[in-house]
Amino acid sequence: MTPLWIALLITALPALWLMLSPLWRARALFEAQRRFEERDDANRQNVAIFRRRLTSLESALDRGDIDQARFDEDKLELERSLLEDTAPAPRRALKKPGAGRRVVPLVAVAVLVAAVVGYQRSGAEGDLRLYALRSAWESTPGHSFESYIAPLEAEAGRQPGNPNVWGTLFTLYRETGRLEQAAKALNRLIAIEGRAPALLSELAELRFFMAERTLTPEVQALVDEVLAQDPRQPKILSLLGVHAFGEGDYELAIDRWRRALASLGEGETSEALRDGIREAQARMASSEANVSTDGVFE
């Protein structure tokens, strides 16, 4: 996990830099603002504007554009405006450049702690542990599924709510012939992920073959539940095809397998279903030939 924490720290460095950089620029900003306020010439500009307007007003009086009463009124308004514009405005004293300097590092540390805690609660740390566990197993000479099961079972004790743990255990148990344990792992996965058709189909198939290809009440209940949610679920249709084939109902088996193929892409499963369909067709043809032969010799 050390590389993970190093990567997280590297990722956090730009954020810390953005938070701390204002501290480094605080002195320069303080001096710039202080110089600006000392050189504030707003009052001088307001007086210059007042004089230009007053000159314009006097010119209008001399030309006869306005009378004395209007001149006095406008001049009074200009003077009032000048008084308002040049009135000393209250200013807040500039804080020292070091003000709040101690708070920023505390905030930075709090952000890092919050990020770590948030990642541990909602991140993929558990999946990374699984990845590291698998990588270590694959790098071991002569590794086998059996050697992978024990450490994964220990990991399941540390991560009982991680669906990836139970999904991997289910696969390993099934591949090593530990079918009852596979069923328990799959049930744990269903309890975590919910009764999704894909997971229920896996359980139905597992129980079906554990019962020597028999549609037990448990298997039938699972089949009915899946088909109620997804009538085109290929694993269930394949299972029903196998059962029909075993019962000698080749036509029904072909129908189920063709429907399963319609929902599958290319792969080993599709090729196996095609082989099953060809075998069922051959047996149907053989049965029809036998029936015809029996009819001839009657």
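For Glu146, the side-chain hydrogen bond (donor to acceptor under 3.5 Å, both in side chains) partners two or more places apart in sequence, or in a different chain, are Arg178. For Asp224, the side-chain contact (heavy atoms from CB on, under 4.5 Å) partners two or more places apart in sequence, or in a different chain, are Gln220. Looking at residues two or more places apart in sequence or on another chain, you find a side-chain hydrogen bond (donor to acceptor under 3.5 Å, both in side chains) between Glu153 and Tyr173. Residues satisfying the salt bridge (charged side-chain N to carboxylate O under 4.0 Å, His left out) test with Asp72, not counting sequence neighbours, are none. For Arg274, the salt bridge (charged side-chain N to carboxylate O under 4.0 Å, His left out) partners two or more places apart in sequence, or in a different chain, are Glu266, Glu271. Residues meeting the side-chain hydrogen bond (donor to acceptor under 3.5 Å, both in side chains) test with Arg53, sequence neighbours left out: none. Under the salt bridge (charged side-chain N to carboxylate O under 4.0 Å, His left out) criterion, Glu79 pairs with no residue, sequence neighbours left out. Scored by the side-chain contact (heavy atoms from CB on, under 4.5 Å) test, Thr216 finds Ala211, Thr214, Glu218, Val219 as partners (sequence neighbours excluded). Contacts of Leu189 classified as side-chain contact (heavy atoms from CB on, under 4.5 Å), with partners at least two apart in sequence or in another chain: Pro163, Trp166, Leu186, Glu193, Leu199. Listed by chain and residue number, nothing satisfies the side-chain hydrogen bond (donor to acceptor under 3.5 Å, both in side chains) test with Arg51 (two or more places apart in sequence, or in another chain).
The residues Arg70 and Asp67 are annotated as not salt-bridged, no charged nitrogen and carboxylate oxygen being separated by less than 4.0 angstrom. The existence of a salt bridge linking Glu155 and Arg158 is confirmed by a sub-4.0 Å separation between a basic side-chain nitrogen and an acidic carboxylate oxygen. For Glu180 and Lys184, the salt-bridge test fails: no basic side-chain N is under 4.0 Å from an acidic carboxylate O.
Remark: the backbone N or O of Arg52 is not paired with any side-chain donor or acceptor of Ser56 at under 3.5 angstrom. Checking side-chain atoms of Ser286 against main-chain N and O of Ala282 turns up no donor-acceptor pair under 3.5 Å. Looking at Asp230, its side chain never comes within 3.5 Å of a backbone N or O of Val226 through a donor-acceptor pair.
Residues Ser270 and Leu264 share a closest heavy-atom pair of OG-CB, 3.7 Å. In this structure, Leu152 and Leu172 approach most closely via the heavy-atom pair CD2-CD1, 3.6 Å. Between Ile254 and Ala280, the shortest heavy-atom contact is CG1-CB, 3.5 Å.
Contacts classified as ring-ring contact (aromatic ring centres under 6.0 Å, His included) and involving residues 227-280 (residues at least two apart or in different chains) are given here: Phe245-Tyr250, Phe245-Trp257.
Counting non-hydrogen atoms of other residues, nucleotides and ligands closer than 6.0 Å to CD of Glu212 gives a total of 12 or fewer.
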Expected list for residues 232-241: side-chain donor-acceptor pairs under 3.5 angstrom, two or more places apart:
{"from": "Gln233", "atom 1": "OE1", "to": "Ser201", "atom 2": "OG", "distance (Å)": "3.1"}
{"from": "Gln233", "atom 1": "OE1", "to": "Lys235", "atom 2": "N", "distance (Å)": "2.9"}
{"from": "Gln233", "atom 1": "OE1", "to": "Ile236", "atom 2": "N", "distance (Å)": "3.3"}

